[in-house]
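Comments concern the structure below.
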Amino acid sequence: MKNNTQVYVKNSLEAAKTYCKAFGVEITLEMKNDNETAYEHCELSANGEGFLAISEAQNPCDVDFVHKMKWETMTFNVFEMGTEDRVRRAFDVLRDGGVVVEPIHELPWSKCCATVIDKYGVCWWIAI
């Protein structure tokens, strides 16, 4: 059995580019809508392994409300990122237009981690 994660966001084409920049992943499969303005399905991979699927949300999400309330309904945990620099790069990309829930800090189980809700309303916990 396998489980893969997928996000439904507005501005899915932009979101895919943002996540590629944040995590150093690449688009390995793209299926756009008829007028090529959004993804019906997009897959991002790291070193040939599936990382995240993205699709355009059909219903609106009040991202301003999510940011204001720092609403975490689901968090994507990206860990074993290797270096503090990679965590900081992802943090800087994800917080642009987003909201920081927990700034970069140290925990007993991670010397460098943070929680951010990005501008699409997706919550990320990132760590070495």
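The figures that follow rest on heavy atoms only: side chains count, while hydrogens, waters and symmetry mates do not. Everything numeric here is computed off the predicted structure, so don't read it as measured data. Index from 1, following the sequence.
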- Message: For a side chain to side chain contact (heavy atoms under 4.5 Å, CB included) check, start with the C-alpha distance between E56 and L13, then their side-chain angles and the critical distance, and finish with the verdict.
- Response: CA-CA 8 Å; E56 188 73 18; L13 297 177; over 6 Å; no
- Task: Check step by step if side chain to side chain contact (heavy atoms under 4.5 Å, CB included) holds for I128 and E84.
- Result: CA-CA 6 Å; I128 290 182; E84 287 185 32; 3.3 Å; yes
- Task: Take M81 and I126 through the test side chain to side chain contact (heavy atoms under 4.5 Å, CB included) and record every step on the way to the result.
- Result: CA-CA 8 Å; M81 294 182 71; I126 53 176; 3.9 Å; yes
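Between the side chain of T83 and the backbone N or O of R86 there is at least one donor-acceptor pair closer than 3.5 Å. Remark: the backbone N or O of W125 is not paired with any side-chain donor or acceptor of T75 at under 3.5 angstrom. Not one N or O on the side chain of H105 forms a donor-acceptor pair closer than 3.5 Å with the backbone of K111. Checking side-chain atoms of S110 against main-chain N and O of A127 turns up no donor-acceptor pair under 3.5 Å. One N or O on the side chain of D118 and one on the backbone of G121 form a donor-acceptor pair closer than 3.5 Å.
Linking ILVMFWY side-chain heavy atoms closer than 4.5 Å, directly or via other members, places I117 and V7 in two distinct hydrophobic clusters. Tracing side-chain contacts under 4.5 Å through hydrophobic residues (I, L, V, M, F, W, Y), one never reaches I54 starting from L29; they form parts of separate clusters. Criterion: ILVMFWY side-chain heavy atoms under 4.5 Å apart, direct or through other members. Under it, V122 and V100 are part of a common hydrophobic cluster. With hydrophobic clusters built from ILVMFWY side chains whose heavy atoms lie under 4.5 angstrom apart, M74 shares a cluster with F23. Each of V9 and V99 belongs to its own hydrophobic cluster when Ile, Leu, Val, Met, Phe, Trp and Tyr are linked at side-chain heavy-atom distances under 4.5 angstrom.
The CZ atom of F91 sits 9.5 Å away from the SG atom of C112 when rounded to the nearest 0.5 Å. Put simply, OH on Y8 and OG on S55 are 5.0 Å apart, with the number rounded to the nearest 0.5 Å. Between the OH atom in Y120 and the SG atom in C61 there is a gap of 13.0 Å [rounded to 0.5 Å]. For the atom pair CE of M69 and CG of D62, the computed distance is 11.0 Å after rounding to the nearest 0.5 Å.
For T37, the side-chain contact (heavy atoms from CB on, under 4.5 Å) criterion is met by N33, N35, not counting sequence neighbours. Residues passing the salt bridge (charged side-chain N to carboxylate O under 4.0 Å, His left out) test with R95, sequence neighbours excluded: D92. In terms of the side-chain contact (heavy atoms from CB on, under 4.5 Å) criterion, residue partners of T73 (sequence neighbours excluded) are, by chain and number, W71. Judged as a ring-ring contact (aromatic ring centres under 6.0 Å, His included), and not counting sequence neighbours, the contacts of F76 are W124. Partners of E30 according to the salt bridge (charged side-chain N to carboxylate O under 4.0 Å, His left out) rule, which considers only residues two or more places apart in sequence or in another chain, do not exist here. Not counting sequence neighbours, K10 has no partner by the salt bridge (charged side-chain N to carboxylate O under 4.0 Å, His left out) test.
Around the NZ atom of K21, the shell of radius 6.0 Å holds no more than 12 heavy atoms that belong to other residues, nucleotides or ligands. More than 12 heavy atoms of other residues, nucleotides or ligands lie within 6.0 Å of CG in N4, so this atom counts as buried by the packing criterion. Under a cut-off of 6.0 angstrom, the local environment of CE in M31 is crowded, with over 12 non-hydrogen atoms contributed by other residues, nucleotides or ligands.
Residue Y19 forms a side chain to side chain contact (heavy atoms under 4.5 Å, CB included) with just one option from V78, L52, I27, and that option is L52.
V101 places a side-chain heavy atom less than 4.5 Å from the side chain of E72. Side-chain atoms of C113 and I104, non-hydrogen and from C-beta on, never get closer than 4.5 Å to each other.
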